[in-house]
J.: 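I have a structure I would like to understand better, so I am pasting it below and will then ask my questions one at a time.
Note that this is a predicted model, so its numbers are computed, not measured. When a residue number appears, it is its place in the shown sequence, counting from 1. Hydrogens, waters and symmetry mates play no part in the numbers below; they use all other heavy atoms, side chains included.
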Amino acid sequence: MIYADLHTHTLYAHGNNTPKEMYEAGKKRGLMIHGFSEHSPRPLGYDYPSEYREKLAAHFADYVREVRELAEQAPRDGGREVLLGLEMDWLENEIPFQQQVLAGEHFDYVIGGIHFLGTWGFDASAEDWKQLSAEGREECYARYYATMKKMAESGLFDIVAHPDLIKIFTVNEFHAWLEKPDSMSLVRDALRAVKNAGMAMEISSAGLRKPCGEIYPCGKIVEAAAELHVPITFGSDGHCVNTIATGFEELSRHAAAAGYTQSLVFHRREDGSREVRSLSF
């Protein structure tokens with residue numbers, strides 16, 4: 001059984017519930033380790049059609065304070081643990097901005113999320129993908145994994161989020177691309193960079209609730225990660241009390257099918273060091 005969910009959100013970005021409400025919902029689902037990973041501030045120019053930037057900026061300090069309060073209380077609540085994390089968009093032309101955000105707080109861990117290719121938020125609209133040719137879509141898949149490699153090499157992150165999010169609106173085409181001779185080489189290059197950076201790869205149930213209808217990442221990528229000995233974490237990417245820690249039985253089977261028996265938890269990231277623990281599932 002999976003007892004740790006390291007990817008959860010709150011109403012301070014585009015979620016629906018307070019940290020306290022998310023914690024209580026996770027508790028009911030059997031979580032012993034609740035990792036909050038609210039989105040990070042994002043510079044202008046990287047925009048979604050429905051934007052939460054101003055709301056997040058106004059309440060980011062509230063997010064940090066409330067999660068820290070829960071972290072103090074959790075050990076007295078059956079020995080549970082609450083971690084203060086962050087999901088940061090990887091923006092390769094904004095590294096000083098990202099470094100400044102990370103310097104402002106001591107997070108337990110930082111998840112690197114690739115949601116933008118250049119300034120395009122590719123996971124926002126299926127209509128964007130309908131306008132691309134087959135060749136254009138494949139170029140996006142390849143660019144996504146080249147971007148993941150750069151993200152890992154930056155040394156800013158502990159976990160790579162939803163490692164095939166790029167399939168969200170074109171899952172069949174993505175799987176066909178993976179079967180081409182050079183595609184998995186690009187994926188493996190990215191996974192090697194993740195491993196070499198001391199990062200873990202997230203296995204996420206969020207895809208089960210998205211148009212692609214399958215776990216992030218797919219079995220072929222999980223198998224490649226296992227062959228390269230890339231460690232894993234588990235996350236729901238839950239944005240409300242009904243989605244936290246959902247699909248975890250499926251995640252457990254998905255990971256075990258590739259040979260995984262343990263996941264990681266990161267704690268107390270500070271001054272380039274951190275604590276890392278393994279959990280059996």
Side-chain angles (χ1 to χ4, degrees), residues 1-12 15-39 63-87 105-111 157-162 198-209 215-216 222 230-270 273-281:
M1 182 173 178
I2 298 170
Y3 294 100
D5 188 344
L6 297 190
H7 194 156
T8 67
H9 294 278
T10 73
L11 53 66
Y12 292 134
N16 295 337
N17 296 98
T18 66
K20 176 67 172 176
E21 290 168 341
M22 293 294 283
Y23 170 79
E24 292 295 338
K27 178 180 173 181
K28 290 179 181 177
R29 292 185 181 274
L31 289 184
M32 293 302 295
I33 301 175
H34 188 137
F36 285 92
S37 57
E38 192 52 276
H39 291 286
Y63 161 70
V64 171
R65 174 179 52 79
E66 291 179 28
V67 172
R68 283 181 171 161
E69 289 173 354
L70 286 170
E72 291 180 2
Q73 300 164 12
R76 300 190 293 274
D77 188 14
R80 288 177 169 78
E81 186 174 3
V82 168
L83 302 175
L84 175 63
L86 188 71
E87 181 182 11
E105 299 288 346
H106 288 150
F107 297 100
D108 285 304
Y109 60 93
V110 180
I111 300 175
F157 305 100
D158 302 296
I159 301 166
V160 55
H162 33 60
M199 296 172 62
M201 180 188 78
E202 176 185 81
I203 298 182
S204 169
S205 60
L208 296 170
R209 309 187 300 271
I215 291 168
Y216 298 133
V222 177
V230 179
I232 60 171
T233 61
F234 291 113
S236 65
D237 204 350
H239 283 67
C240 68
V241 295
N242 295 325
T243 54
I244 186 172
T246 58
F248 274 17
E249 289 186 6
E250 291 177 70
L251 292 192
S252 180
R253 292 192 295 268
H254 192 64
Y260 283 105
T261 60
Q262 294 184 322
S263 65
L264 295 188
V265 173
F266 296 94
H267 185 46
R268 293 178 181 169
R269 170 190 170 108
E270 186 174 358
S273 65
R274 62 192 175 188
E275 295 179 12
V276 184
R277 287 175 287 151
S278 296
L279 300 177
S280 298
F281 60 90

J.: Is it true that a side-chain atom of N16 and a backbone atom of C240 form a donor plus acceptor pair closer than 3.5 Å?
T.: no

J.: Kindly indicate whether the side chain of T246, heavy atoms from C-beta on, has any atom under 4.5 Å from the side chain of R29.
T.: yes

J.: Minimum heavy-atom separation for F248 to S205, with atom names?
T.: CE1-OG, 4.2 Å

J.: Measure the spacing between CG of L84 and CZ of F36 and express it to the nearest 0.5 Å.
T.: 9.5 Å

J.: Determine whether S37 and Y109 satisfy the following criterion, side chain to side chain contact (heavy atoms under 4.5 Å, CB included), listing intermediate values before the conclusion.
T.: CA-CA 8 Å; S37 57; Y109 60 93; 4.3 Å; yes

J.: Once rounded to the nearest 0.5 Å, what's the spacing between atom CE of M22 and atom CD of E38?
T.: 9.0 Å

J.: Taking E202 for the side chain and T233 for the main chain, is one N or O donor matched with an acceptor at less than 3.5 Å?
T.: no

J.: Using a 6.0 Å cut-off, check whether atom CD of E69 has over 12 heavy atoms from anything other than its own residue.
T.: yes

J.: Would you please say whether a donor-acceptor pair under 3.5 Å links the side chains of D237 and Y216?
T.: no

J.: Taking the side chain as C-beta and beyond, is there a heavy-atom pair between I215 and L208 under 4.5 Å?
T.: yes

J.: How many angstroms lie between atom CD of E66 and atom NZ of K20, to the nearest 0.5 angstrom?
T.: 11.0 Å

J.: Taking all atoms of both residues into account, what is the closest heavy-atom pair of M199 and R274, and its distance?
T.: N-NH2, 4.3 Å

J.: Grab the two heavy atoms, one from L83 and one from F266, that are nearest each other, plus how far apart they are.
T.: CD1-O, 3.6 Å

J.: What class does the angle between the rings of F234 and F281 fall in, given that below 30° is parallel, 30 to 60° is tilted and above 60° is perpendicular?
T.: perpendicular

J.: Check for a donor-acceptor pair, side chain of T8 on one end and backbone N or O of G35 on the other, with a separation under 3.5 Å.
T.: yes

J.: Could you grab the distance from atom CG of L70 to atom CZ of R80, nearest 0.5 Å is fine?
T.: 12.5 Å

J.: Does the side chain to side chain contact (heavy atoms under 4.5 Å, CB included) test come out yes or no for T10 and T18, once each step is laid out?
T.: CA-CA 6 Å; T10 73; T18 66; over 6 Å; no

J.: Evaluate E105 against R68 for side chain to side chain contact (heavy atoms under 4.5 Å, CB included), listing each step before the verdict.
T.: CA-CA 11 Å; E105 299 288 346; R68 283 181 171 161; 3.0 Å; yes

J.: Measure the CG-CD1 distance between L31 and I244 for me, rounded to the nearest 0.5 Å.
T.: 5.5 Å

J.: Is there a side chain to side chain contact (heavy atoms under 4.5 Å, CB included) between V230 and Y260? Walk through the geometry before answering.
T.: CA-CA 10 Å; V230 179; Y260 283 105; 4.3 Å; yes

J.: Any sub-3.5 Å donor-acceptor pair from D108's side-chain atoms to G85's backbone N or O?
T.: no

J.: Looking only at heavy atoms, what is the nearest atom pair of E72 and P75, with distance?
T.: O-CD, 3.6 Å

J.: Using every non-hydrogen atom in the two residues, find where L264 and P231 come nearest and quote the distance to one decimal.
T.: CD1-CB, 3.4 Å

J.: Rounded to the nearest 0.5 Å, how far apart are CD of E81 and NE2 of H34?
T.: 12.0 Å

J.: State, to 0.1 Å, how close N17 and E21 come at their nearest heavy-atom pair, and which atoms those are.
T.: ND2-OE1, 3.1 Å

